[in-house]
J.: 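Can you read through this structure? Questions will come right after.
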Amino acid sequence: MILYKLLSLLLLCNIIVAAPTAVNNRPIIGILTQPTNGGMATYGDQYLAASYVKYIESAGARVVPILYDTDIKSLTSLFNSINGILFPGGGVDFDNATVYTNTIQSIWQLVIESNNNGDYFPLWGTCMGFQELALLAAGNFDLLSSYNSENYTVPLNFTAAAKESNMLGNAPSEIFEALATQPITMNNHQFGLSPQTFSDTSAINTFFNVLSTNVDRDGNTFISTIEAKNYPIYGVQWHPEKPIFEWWDQEVMNHSFMSVLSNQYTSNFFVNECRKSSHSFSDPTVEAQSLIYNYQPQYSYQSVPDFEQIYYFN
Ligand SMILES: *[C@@H]1O[C@H](CO)[C@@H](O)[C@H](O)[C@H]1NC(C)=O
Ligand SMILES: *[C@@H]1O[C@H](CO)[C@@H](O)[C@H](O)[C@H]1NC(C)=O
Ligand SMILES: *[C@@H]1O[C@H](CO)[C@@H](O)[C@H](O)[C@H]1NC(C)=O
Ligand SMILES: *[C@@H]1O[C@H](CO)[C@@H](O)[C@H](O)[C@H]1NC(C)=O
C-alpha cells in the first residue's frame with residue numbers, strides 16, 4: 001500500500017512540477033569538470049565524479065561533460081546546444097584556479113543573458129557548486145566561512161519560503177516531510193555561506209531566496225538550500241547524488257527507500273526544469289561526439305574513497 005502510494009506520488013512529481021508550453025523531452029545537460037588533485041592527478045588533468053552523471057541520467061536526461069578549460073567560443077556553442085548546466089561539488093581553490101574560475105564566470109554570464117532574453121536556461125549547483133552560485137551572484141570569491149560539516153547527514157531546517165518555492169513547493173508532502181524530519185541530506189563541506197554573510201551581501205540576498213539552513217557540529221548555522229528569485233538557478237549545499245550512488249565502507253549516507261526517493265526528487269525537479277529549454281545541437285554528429293558515452297568511468301574507490309567511479313579527462 002505504502003509502495004503504491006509512493007509510486008503514484010513519483011508519477012505526480014513529473015506532472016505537477018511544471019507545465020511549460022513547449023516541452024523538450026530529450027534534454028541534454030552539461031556537467032562541469034574540475035582540475036584533479038592529490039592521488040587523482042596520476043589519472044588525468046580533469047575529472048568528474050560519475051555519481052553526478054548517474055544523478056542526471058536517472059531523471060531522464062543525457063549528459064555532456066564541459067571541460068573546464070574550454071575556450072569561450074566552444075563554450076558558447078555548447079551552451080546553445082544544451083538545456084541546463086550542473087556545477088558539481090569538489091575542492092577547487094578559487095584564488096589559484098583562474099581558468100576554472102573564468103569558466104564558471106562565463107557560464108554565469110551566458111545563463112543570466114539567456115534568461116534575460118526569455119531563453120529559459122536552468123543552472124544547478126551542488127556543494128561547492130552551491131557556493132559558486134552565491135559567489136558568482138556577489139562577484140566576490142572571498143565570502144565563505146569555515147564549518148565543521150564533513151561526512152554529516154541531517155534533516156533540512158526549511159524556511160517559510162520553501163513551501164512557496166519552485167524547487168520544493170510542489171514536492172509530494174511525504175518527500176517534503178522526509179527532508180524536513182529525517183537525517184537524509186548528506187553534507188561534506190568545510191566551507192559554507194553564513195546567514196550573516198547572506199544578510200550583509202545585497203548582491204546575494206536580492207538574487208536568492210533561502211529555502212533551508214542547517215547547524216554544523218559546532219553549532220554554527222549555514223545556508224543549505226537556495227533558489228534564485230527570478231531565474232531557474234538552484235543550489236544545495238548538501239549532496240543529493242551521494243545517498244543514491246556512493247557507498248563508503250564507514251558512512252553516514254542514508255540509502256533507505258525514503259532517502260533515495262527524496263534525494264532523487266531534486267534531479268527529477270532539475271531535469272524537468274531543463275525540459276523547458278529548447279536548445280539543441282544543430283549537427284547530430286557533434287551531439288554524438290559530445291555525450292559522456294564517449295568516455296569510460298574508472299572504478300576508483302580504492303584510489304579515491306570519496307567516489308565509486310570517476311571520469312578522467314586528458
Ligand atoms: C595558491 O597560490 C598561492 C600563491 O601563489 C600559494 O601560496 C598557495 O600555496 C596556493 N594554494 C594552493 C592550494 O595551491
Ligand atoms: C531552524 O531555523 C530557525 C531560523 O530560521 C531557527 O530559529 C531554529 O532554531 C532552527 N532549528 C534547528 C533545529 O536548527
Ligand atoms: C564518516 O562517519 C562515519 C560515522 O561516524 C565514520 O565511521 C566514518 O569513518 C566517517 N568517514 C569519514 C571519511 O570521515
Ligand atoms: C535513514 O532514513 C530513514 C528514513 O527514510 C530513517 O527512518 C532512518 O532512521 C535513517 N537512518 C539513519 C541511520 O539515520
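Everything numeric in this text was worked out from a predicted model, so none of it was measured. As the structure lists them, so they are numbered: ligands from 1, and atoms in each ligand from 1. Index from 1, following the sequence.
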J.: Does the protein put a heavy atom less than 4.0 Å from atom 3 (C) of ligand 4?
T.: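 True for atom 3 (C) of ligand 4.
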J.: Can we call the ring centroids of Phe222 and Tyr147 under 6.0 Å apart?
T.: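 Yes; Tyr147 has its ring centre under 6.0 Å from that of Phe222.
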J.: Given Val154, Thr153, Asn254, which has its nearest heavy atom closest to atom 1 (C) of ligand 4?
T.: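 Residue with the shortest heavy-atom distance to the ligand atom: Asn254.
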J.: For the rings on Tyr312 and Tyr295, is their centre-to-centre separation under 6.0 Å?
T.: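 They do not qualify: ring centres at least 6.0 Å apart.
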J.: Of all the non-hydrogen atoms in the protein, which one sits nearest to atom 13 (C) of ligand 3, and at what distance?
T.: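 Here the closest protein heavy atom is Trp248 CZ3, 4.2 Å.
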J.: Do Thr126 and Glu241 meet the criterion of a side-chain donor-acceptor pair at a distance under 3.5 Å?
T.: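 Judged by distance alone, the side chains do not pair up.
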J.: Just which atoms of ligand 4 are under 4.0 Å from any heavy atom in Gln182?
T.: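 Those qualifying, in numeric order: 3 (C), 4 (C), 6 (C), 7 (O).
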J.: Considering heavy atoms of the protein only, find what lies nearest to atom 14 (O) of ligand 4 and give residue, atom and distance to 0.1 Å.
T.: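 Among all protein heavy atoms, the one nearest atom 14 (O) of ligand 4 is Pro183 CG, 3.3 Å.
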J.: What protein heavy atom is closest to atom 11 (N) of ligand 3, reported as residue, atom name and distance in Å?
T.: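 Checked against all protein heavy atoms, atom 11 (N) of ligand 3 sits closest to Asn151 ND2, 2.8 Å.
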J.: Please confirm whether the ring centroid of Tyr231 lies under 6.0 Å from the ring centroid of Trp124.
T.: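 Centroid distance Tyr231-Trp124: not below 6.0 Å, so no.
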J.: Please determine whether any non-hydrogen atom of Thr159 lies less than 4.0 Å from an atom of ligand 2.
T.: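 It does not, in that no heavy atom of Thr159 comes within the 4.0 Å cut-off of ligand 2.
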J.: Within the 4.0 Å heavy-atom shell around Ile184, which atoms of ligand 4 are there?
T.: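 Those of ligand 4 that fall under 4.0 Å from Ile184 are 2 (O).
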J.: Do me a favour and list the nearest non-hydrogen protein atom to atom 5 (O) of ligand 3 with residue, atom name and distance?
T.: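 Heavy-atom neighbour on the protein nearest atom 5 (O) of ligand 3: Val252 CG1, 4.2 Å.
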J.: Step through it carefully: locate the ring centre of Phe208, locate the ring centre of Phe198, and say whether they are under 6.0 Å apart.
T.: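 They do not qualify: ring centres at least 6.0 Å apart.
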J.: Just need the protein heavy atom nearest to atom 10 (C) of ligand 2, so name the residue and atom and give the distance.
T.: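 Answer for atom 10 (C) of ligand 2: Asn157 ND2, 2.3 Å.
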J.: I'd like to check which ligand 2 atoms, numbered from 1 as shown, lie under 4.0 Å from a non-hydrogen atom of Val215.
T.: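 In order of numbering, the contacting atoms are 14 (O).
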J.: Is the centre of the His255 ring less than 6.0 Å from the centre of the Trp247 ring?
T.: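 Yes; Trp247 has its ring centre under 6.0 Å from that of His255.
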J.: Is it true that atom CD of Glu251 has more than 12 heavy atoms of other residues, nucleotides or ligands lying nearer than 6.0 Å?
T.: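 Atom CD in Glu251 is packed in, count exceeds 12.
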J.: Do the ring planes of Phe121 and His279 sit parallel (below 30°), tilted (30 to 60°) or perpendicular (above 60°)?
T.: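 Phe121 and His279: tilted rings.
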J.: Who's the nearest protein heavy-atom neighbour of atom 9 (O) of ligand 3, and how far?
T.: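 Protein heavy atom with the smallest distance to atom 9 (O) of ligand 3: Gln250 CB, 3.8 Å.
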